[in-house]
Amino acid sequence: MEDYLKGLNKEQYNAVVNTDGPVMVIAGAGSGKTRVLTFRVAHLLQKGIDPFNILALTFTNKAAREMKERVIKLIGDGEARNVWMGTFHSVFAKILRFEGQHLGYPSNFTIYDSDDTKKLIKNIITDMKLDPKTYAPNFVRARISMAKSHLIGPEEYANNTEITEADKSGAKPLIKDIYKTYNLRLKRSDAMDFDDLLFNTYILFRDFAEVLYKYQQKFKYIMVDEYQDTNHAQYLIVKKLAANTENICVVGDDAQSIYAFRGANIQNILNFRKDYPDYKLFKLEQNYRSTKVIVEAANKIIGFNKDQIKKTVWTENDEGNKIGLIRATSDNEEGKLVADAIFTAKMTEQRHNSDFAILYRTNAQSRAMEEALRKINIPYRIYGGQSFYSRKEIKDLLAYFRLVINHNDEDALQRAINTPARGIGKTTMERLIVVADENNVSLWEVVNAPGKYGTQLNSGTATKLANFATMIKSFAVEMKKKEAYEVAQLIANTTGLVRMYREEDTPEGLSRVENIEELLNGVKEFSERGAEANEGDLEFQGTLAEFMQDVALLTDADQDDDDNDKVSLMTIHAAKGLEFPYVFIVGLEENLFPSIQSISTRAELEEERRLFYVALTRAETKATLSFAESRYRWGQFTITEPSRFLDEVDEALLETPLRSGFKQQTERIRTENTIPKTPEPSRRNLKPIDNSQVQDKAFTGDDTGALAPGMDVEHIKFGRGKVISVEGNGPNQKATVHFNSVGTKSLLLRFAKLKIV
DNA sequence: TCCGATCTATTTTTT
DNA sequence: ATAGATCGGA
């Protein structure tokens with residue numbers, strides 16, 4: 001046995017060394033899935049397999065990078081860097097840059113992100129004079145995206161009566177036309193959306209046998225991570241690629257499937273047995289990550305789901321801490337209690353900030369957490385949310401980059417042409433768009449040569465257009481001669497974008513200028529990295545075009561930070577695949593988690609439950625659940641109810657009972673084997689309550705040094721209560737107080753302003 | 001065409 | 001709450 005394989009358990013070992021033929025690995029949470037994948041790659045290389053023959057597909061760039069780093073650690077640099085490891089989207093984008101001409105795409109095609117996509121769909125809806133309320137852009141986009149990920153093109157869509165009937169009964173019969181126009185417009189812009197990267201790769205392999213053959217020869221060993229999250233398109237592409245050698249290894253966990261909402265299909269796991277009847281199955285069931293308490297609680301929760309593949313996750317780890325429970329009166333208080341708990345654990349357990357993660361269902365929940373952490377000076381880092389790349393000023397500058405790289409990129413052109421203002425307004429643009437449509441050419445064609453298409457323009461406008469076109473073309477020339485950073489800086493300055501924001505002379509304007517500078521620094525770093533990497537990776541030049549390819553598929557979670565000792569804040573989706581000693585799962589309230597839009601069908605509810613399972617199994621040492629009894633949502637104060645998921649946590653594993661104090665829980669009727677009733681958003685939850693009571697600004701705490709058990713105290717939010725105990729001293733002094741209103745709470749006296757009554 | 005005031009949708013999760 | 005969209009007036 002090779003040395004490096006010694007640390008593996010039997011199942012892991014088998015999953016690693018069975019390199020030939022189809023293999024499926026069902027890997028429970030924390031069972032060493034990534035380990036198996038990395039060792040498998042290392043093992044292949046060790047056996048002398050050419051790294052260029054190995055393909056490893058992941059869902060996030062982060063997972064890909066991590067895998068690469070770990071392989072390099074195992075067997076050293078050099079060979080490892082030539083393995084194709086990346087997300088489905090990035091790998092297929094790379095293939096399409098090489099092969100896109102078969103489908104009529106240039107290699108410099110633009111990738112539209114969801115913002116660009118949405119905008120384009122919105123434009124089309126307006127152009128078609130449809131009511132944007134009926135045809136809500138987000139809805140239409142979701143519909144088109146769903147179609148594309150099932151490999152249903154515009155024609156198939158229009159010819160599929162089941163689909164069109166559904167659209168008709170939804171009073172949206174024209175989605176098929178929007179879809180058709182949308183695809184034409186994308187094509188005319190030499191652009192692909194995220195789904196096209198998969199769709200077109202599939203078409204490429206389906207229609208061009210020689211291309212398929214080439215990649216089948218290339219990728220002799222294929223590995224797919226998070227197989228439970230693949231959609232139909234991904235499934236078929238992988239199947240085609242693997243058809244020759246059948247050296248395919250998929251790793252997944254049905255209990256962690258949380259992307260059905262975007263077309264992921266758990267059936268792909270089941271299909272695997274049919275597609276490769278002689279496949280080998282390995283089950284990784286031993287959890288190395290979490291304590292017994294966490295594993296047991298998680299097992300019980302997932303047990304409430306009907307649809308699942310039987311498996312038993314177990315662990316030899318210690319029993320561990322019970323699961324914490326935080327009950328807060330408001331979202332802000334929830335933030336404070338969580339921040340306090342982190343502070344306390346840091347002090348008592350000597351932990352780093354980076355040992356903590358706060359996980360939530362929606363990005364909007366981060367704010368209360370941020371504020372609370374900031375108040376007590378705990379550094380944190382937010383993953384996801386409003387991405388750096390979706391800020392206005394960044395989009396503005398990127399639009400120029402895109403336009404310079406691909407003149408036909410219509411979205412980029414529309415954004416750039418009058419930002420900053422160049423006197424090319426709405427009227428002119430509308431006229432140009434009509435001409436472009438009539439002649440079926442890209443918008444750039446018309447802007448660049450309006451005379452050619454007989455566009456009616458006054459001479460002033462014509463000059464402005466000509467100047468703009470000349471400028472863009474001059475950038476394109478520069479781009480060929482200079483490296484990325486120089487061109488980027490030239491563009492930022494010559495276009496007047498930086499000047500525009502600077503002249504706003506407002507704090508926002510200034511921060512926009514700073515963001516632009518940050519982006520330029522990013523470009524600089526990128527091209528320097530390009531120069532360094534040149535000898536190792538011949539394909540990498542560090543050009544602006546390459547930078548843009550990177551950016552299009554990048555998410556915020558992929559960015560690195562210099563200072564890494566920070567508390568992590570992210571959605572549960574973003575946390576998949578990660579682990580932390582201490583995990584706080586916040587906002588466990590009905591209509592938030594599970595989400596109000598996911599409780600009408602069993603399938604949706606079960607996905608929410610898997611999400612909860614994923615969240616809980618991120619924890620190594622201790623998990624803490626929290627919920628608030630009220631929360632601001634959509635700027636509205638709402639009373640909330642604890643999540644049904646809290647009831648599914650084994651009471652015996654909780655630090656404090658769920659139902660304590662005076663609060664009487666309304667009995668919720670839930671039978672495990674009936675389909676949940678139609679959602680009845682309880683009035684109670686949505687009723688705005690009078691929020692006008694002004695808080696007593698003068699409320700200041702008494703000196704709490706004299707605080708002792710038995711004393712009556714008053715709290716600014718909780719009102720009257722009785723002190724049960726006081727522990728700790730100095731800044732960490734805590735008191736347990738029983739309040740009439742909210743039951744027993746533990747408060748850090750430094751923050752809780754208590755008045756002795 | 002530009003600017004400001006008013007209105008409005010947004011919040012599920014991501015490549 | 002808040003950013004973006006929209007509309008009317010300059």
Side-chain angles (χ1 to χ4, degrees), chain A residues 57-64 86-93 111-115 117-119 122-123 126 132-133 136-139 141-142 145 148-149 192-199 226 229-231 233-234 257-264 331 359-368 383-387 389-392 395 418 420-430 458 460-461 464 508 551-558 570-577 587 591-599 604 607-608 610-612 614-615 631-638:
Chain A
L57 295 168
T58 64
F59 268 78
T60 62
N61 295 305
K62 195 173 190 169
T87 62
F88 278 93
H89 289 84
S90 69
V91 166
F92 296 160
I111 298 170
Y112 274 20
D113 69 17
S114 14
D115 280 354
T117 299
K118 186 178 163 188
K119 219 161 83 194
K122 214 168 164 188
N123 284 340
T126 318
K133 285 215 177 75
N138 271 329
F139 180 88
R141 185 188 54 179
S145 172
K148 282 190 181 179
S149 52
M192 297 191 199
D193 64 19
F194 286 145
D195 300 310
D196 284 338
L197 295 175
L198 308 180
F199 189 100
E226 311 279 13
D229 285 329
T230 50
N231 65 27
Q234 290 162 329
S257 157
I258 53 175
Y259 284 105
F261 73 92
R262 73 169 205 218
D331 46 358
L359 308 181
Y360 34 75
R361 180 64 179 84
T362 67
N363 281 305
Q365 287 165 261
S366 69
R367 189 196 298 179
Y383 293 80
Q386 234 256 334
S387 144
Y389 295 103
S390 61
R391 291 182 195 164
K392 186 180 175 298
K395 285 235 140 193
N418 206 32
R422 296 192 175 84
I424 306 169
K426 214 167 131 193
T427 327
T428 308
M429 287 314 286
E430 270 168 13
N458 63 44
T461 311
K464 288 174 197 160
E508 297 89 71
V551 163
L553 295 170
L554 215 59
T555 56
D556 254 18
D558 301 318
M570 66 187 91
T571 63
I572 299 165
H573 283 89
K576 192 161 78 153
N591 297 341
L592 180 62
F593 191 14
S595 160
I596 189 163
Q597 8 232 327
S598 303
I599 50 176
E604 284 171 335
E607 177 149 319
E608 294 284 308
R610 290 193 296 269
L611 200 52
F612 184 38
V614 168
R631 169 179 305 278
Y632 275 91
R633 282 185 94 180
W634 315 284
Q636 276 274 309
F637 185 80
T638 44

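Each chain gets a letter, A, B and so on, in the order the sequences are listed, and its residues count up from 1.
By the 30° and 60° cut-offs, the orientation of the rings of A:Phe593 relative to A:Phe612 is perpendicular. Classification of the A:Phe88-A:Phe92 ring pair by plane angle, with boundaries at 30° and 60°, yields perpendicular.
Among the atoms of the strands shown, none is found under 4.0 Å from any heavy atom of A:Phe593. Nucleic acid contact class of A:Phe88 (heavy atoms, under 4.0 Å, all strands): none. In this structure, A:Ser90 reaches neither bases nor backbone, as no heavy-atom distance under 4.0 Å exists between it and the strands shown.
Applying the salt bridge (charged side-chain N to carboxylate O under 4.0 Å, His left out) test to A:Lys392 and every residue at least two apart in sequence or in another chain returns A:Asp396. For A:Glu226, the salt bridge (charged side-chain N to carboxylate O under 4.0 Å, His left out) partners two or more places apart in sequence, or in a different chain, are A:Lys33, A:Lys576. Remark: A:Lys395 pairs with A:Asp113, A:Asp115, A:Asp116, A:Arg415 by the side-chain contact (heavy atoms from CB on, under 4.5 Å) rule, at least two apart or across chains. With sequence neighbours left out, A:Ser114 forms a side-chain contact (heavy atoms from CB on, under 4.5 Å) with A:Arg141, A:Phe194.
In the model, A:Asp195 has no side-chain atom that pairs as donor or acceptor with a side-chain atom of A:Ser149 under 3.5 Å.
Distance CE (A:Met192) to C1' (B:dT15): 15 Å, rounded to an integer number of Å. B:dT15 atom P lies 8 Å from atom CZ of A:Phe194, rounded to whole Å. Atom OH in A:Tyr259 sits about 7 Å away from atom C1' in B:dT13, given to the nearest Å. For the pair A:Gln365 CD and B:dT13 C1', the computed distance is 11 Å after rounding to whole Å. Remark: P of C:dA1 and CZ of A:Phe637 are 13 Å apart, rounded to the nearest angstrom. For A:Ile596 and B:dT13, the CD1 to P distance is 15 Å, given to the nearest whole Å. Protein atom CG of A:Leu198 is 17 Å distant from nucleotide atom P of B:dT14, rounded to whole Å. Rounded to an integer number of Å, the gap from CG of A:Leu197 to P of B:dT14 is 18 Å.
Look at A:Lys148 and A:Asp193 and you find a salt bridge, because one of the NZ, NE, NH1 or NH2 atoms lies within 4.0 Å of a carboxylate O, short of that distance.
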Atom pairs under 3.5 Å: protein N/O with N/O of nucleotides 6-11 of chain B:
from	atom 1	to	atom 2	distance (Å)
B:dT11	O3'	A:Gln597	NE2	3.4

N/O-N/O pairs, protein side and nucleotides 1-5 of chain B side, under 3.5 Å:
from	atom 1	to	atom 2	distance (Å)
B:dT1	OP1	A:Gly425	N	2.9
B:dT1	OP1	A:Thr428	OG1	3.2
B:dT1	OP2	A:Lys426	N	3.4
B:dT1	OP2	A:Thr427	N	3.4
B:dT1	OP2	A:Thr427	OG1	3.0

query: Would A:Phe261 and A:His573 satisfy side chain to side chain contact (heavy atoms under 4.5 Å, CB included), going step by step from the backbone distance to the final call?
result: CA-CA 12 Å; A:Phe261 73 92; A:His573 283 89; 3.7 Å; yes
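A distance cut-off of 5.5 Å between ring centres, combined with a plane angle under 30°, places A:Phe261 in a stacking arrangement with the base of B:dT13.
Look at A:Ser595 and you won't find any side-chain N or O under 4.0 angstrom from OP1 or OP2 of B:dT13.
Sequence order on DNA chain C of the closest nucleotides to A:Lys119 and A:Arg367 puts A:Arg367 first from the 5' end.
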